[in-house]
Student: 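The following block contains the structure, expressed as structure tokens.
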Amino acid sequence: MTKKLLLLTCAIAGLGLMIRAQDVVLKIVGGEKPSIAVADFRGAGAAAPLMNVFNQTLFADIEDSGLFKMAAKSMYPLQVPQQPSDFQPLAAQTPTRKAPWLTDWSSPPVSAKYLAFGYAASQNDQIVLSGWLFDVQQADVTGAQLIGKRYFGPVSEAGARKVAHEFAADIIAKFGGESMLGSHIYFVSDRTGNKEIWSMEPDGSNQKRLTFYNSITTMPSVSPDGTKLAFTTFAKGNPGIFILSLETGRQLLFVNPKASLNATASFTPDGKSVLFGSSADGRYTNIYMANTDGGNLQRISRSLKIELEPKVNPKTGNEVAFVSGRSGPQQIWKMNIDGTSAEMLTTGEGDASNPAWHPNGEIIAFSWTRGFSPGNFNIFLMDVASRRVDQLTHGAGKNENPNWAPDGRHLVFASNRKGSMQIFTMLADGTHVQQLTTQGRNEMPIWGK
Amino acid sequence: MSKRKIATLLLSVFLMMFAAGCKKKPVAAAPPPPPPPPKETPVAPPPKAPTVAQFSAEPSSIERGQAATLRWSVNDATAVTIDPLGTVQNSGSRQVFPSNTTTYRLTATGAGGNASASATVNVTVPPPPPAPPPPPKTTLTEMLERNVGDALFDYDSSDLREDARNTLTRNSDSLKAILREFPSATIVVEGHCDERGSAEYNLGLGDRRATAAKEFLTQLGVPADKLRTISYGKERQTCTEQSEACYQKNRRAHFAPGQ
């Protein structure tokens, strides 16, 4: 009897742990997701050969949003609508000539709640994409339509991707998601032989080099409005902070404090100041703040330990998450922007680094070696108020520098799980992992506007 | 004159010219018949005149006693001479040691004619011989590599272990001697880390290691203004294997010549 009771208690406790282990993730990516079917679109004329690219892009964008359960494609009915008028009520159909109807998609085996469908044609050297989103659980076609819209792009694979991204963005927006369309990922690549800052689209396309110092240029950070890029470079000898205008590509004035080391700059939420680590006192790297031209320098932390990687809470503008060796090994700490109320957020185990605030200002993503040997970082999330932690990667090489997408549902990070260090994205529950880079070694990604 | 009159005048002049042009034009003749195909052996082409593809002196300026190299290449010649060297092959090169500025003239003779070219070697009189060379001197880099070792550290630590203090004590004597020999030199104390900590934190750690090494050396009398610190964090690994032996080699304060 006691044994049974003990077992039961254990089972309940275990269940509790399992639920608890995912609740930081749940806070971000939500629980139950609606099921969606994404029909393969067909194209006429010059649009026809582009439909593979279009269909893959549309499906991937919707799937990677993490907002939906994707209905299995193999279960789709044979009759695929291309426009709303293709739907014929079952009563009007003859047994021999079967047209599509909403219930083909809403009932098993597809069991979708939503269906995206449409077609593409080319017209005046443009690809014209007609896309619809239907709630297929409605009783008739008139009540079913949620989106019916045309999208235009050049007749090319890039054009097909463009219209797919735009249609997907509209669908995602319908469900409260923010599309990644127009955002950029900044990262460090050594593919030219030296570490330089590069940028790319969230799907890994359009990789462009932004810096040309032929030195060690690393640790990028982007201003909240997406117009400025701060980074650390050895271009002038000792590591120093440079700021670049992303609008003109030109270097902006930033006067570094006189120090052997100025590094790991990040912007305040108003974009007017930067926080960074500096050895300006000649002994220990601590946290400093200055205007974006380096003026009005203030020391924020005062400790006889290494402290850097300051990140200001984007919601409050008051809390600073940072990395400190105050307790011994490097850990994640938090303090007020005036340096008061410093407290350790991680447990003191392992090495922790790379704090990144979620746009909601409640959760941080960071990398931690807890439970692994030194150097084997994994990505974790922490609900700062409760200190509850979820682990998103599990020992597949090093996983570092998590950074949030503007939608607050995706993370970009660097991992050497496939051999060399490369950039990946994933949904904030650790699923939908996509590799974005392959050339050279790539690290320290930042997701900006 | 009104604009209209000018226009009329211009038009009539133009028309006259046009008409004259028409008159001069000959009646279009039928195109000539194609030439007959060549019969049997074609006539041998006339012999080609020789051409000088290259005639150069490299370098074109030397000091007296140094050598210059003449290079030449001539096509379609039966004989090639270079004055003042004499007859030479159609192409080749030769070292010359002119004691004064000399212009070399190449003449090529062939069945189809002659060709010539010239190249000049300017000779300058060397400055007076330098003082006898000093005894071979080791460079600053060599002296640092030979006599100034790396101070090694524990993981995530900038504390100077006993072996590091011993190394730095030896280094202090070597550095003082080196700075006597190279009084204008600066020595860079580089702080490095192994690959395991985060890249960001390691910048701070490398800075600590370099500073700790510098402070120790300064206490032993190495002038502080001759030592500059820099942290490379884990950006410049000297060893890339994933073993403790390798990690230890990377956790170091290293000494390099400054500018």
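Just so you know, these numbers use all the heavy atoms, side chains as well, and skip hydrogens, waters and symmetry mates. Chain identifiers are assigned alphabetically (A, B, ...) following the order of the sequence lines, protein sequences preceding nucleic acid strands; residue numbering begins at 1 within each chain.
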Student: By a 4.5 Å heavy-atom criterion (distance strictly below it), what part of B:Lys234 contacts chain A: side chain, backbone, both, or neither?
Tutor: side chain

Student: Which bit of A:Thr264 comes within less than 4.5 Å of chain B, counting heavy atoms only: side chain, backbone, both or neither?
Tutor: side chain

Student: In terms of relative ring orientation, are B:Tyr232 and A:Phe234 parallel, tilted or perpendicular, with 30° and 60° separating the classes?
Tutor: parallel

Student: Hey, are B:Ser198 and A:Gln330 close enough side-chain-wise for a donor-acceptor pair under 3.5 Å?
Tutor: yes

Student: Parallel under 30°, tilted from 30 to 60°, perpendicular over 60°: which one fits the rings of A:Phe276 and A:Tyr288?
Tutor: parallel

Student: Is the NZ or CZ atom of A:Arg191 positioned over A:Trp198's six-membered ring, under 6.0 angstrom from the centre and within 45° of the axis?
Tutor: yes

Student: Is there side-chain contact between A:Glu443 and A:Thr218, with at least one heavy-atom pair below 4.5 Å?
Tutor: yes

Student: Given heavy-atom pairs under 4.5 angstrom as the criterion, report whether the side chain, backbone, both or neither of A:Asn238 touches chain B.
Tutor: both

Student: Which region of B:Ala199, side chain (C-beta onward) or backbone (N, CA, C, O), has a non-hydrogen atom less than 4.5 Å from a non-hydrogen atom of chain A, or is it both or neither?
Tutor: both

Student: Quick one: which of B:Leu203, B:Asp194, B:Thr211 has the most heavy-atom pairs under 4.5 Å with chain A, could you say?
Tutor: B:Leu203

Student: Among A:Asp351, A:Thr285, A:Thr369, A:Leu308, which residue forms the greatest number of heavy-atom pairs with chain B at distances under 4.5 Å?
Tutor: A:Leu308

Student: Tell me, side chain or backbone of B:Glu215 under 4.5 Å from chain A's heavy atoms, or both, or neither?
Tutor: side chain

Student: Would B:Arg196 and B:Tyr155 count as a cation-pi pair here, with the cationic atom under 6.0 angstrom from the ring centre and within 45° of the axis?
Tutor: yes

Student: Sort A:Asn401 into side chain, backbone, both or neither according to what part of it lies under 4.5 angstrom from a heavy atom of chain B.
Tutor: side chain

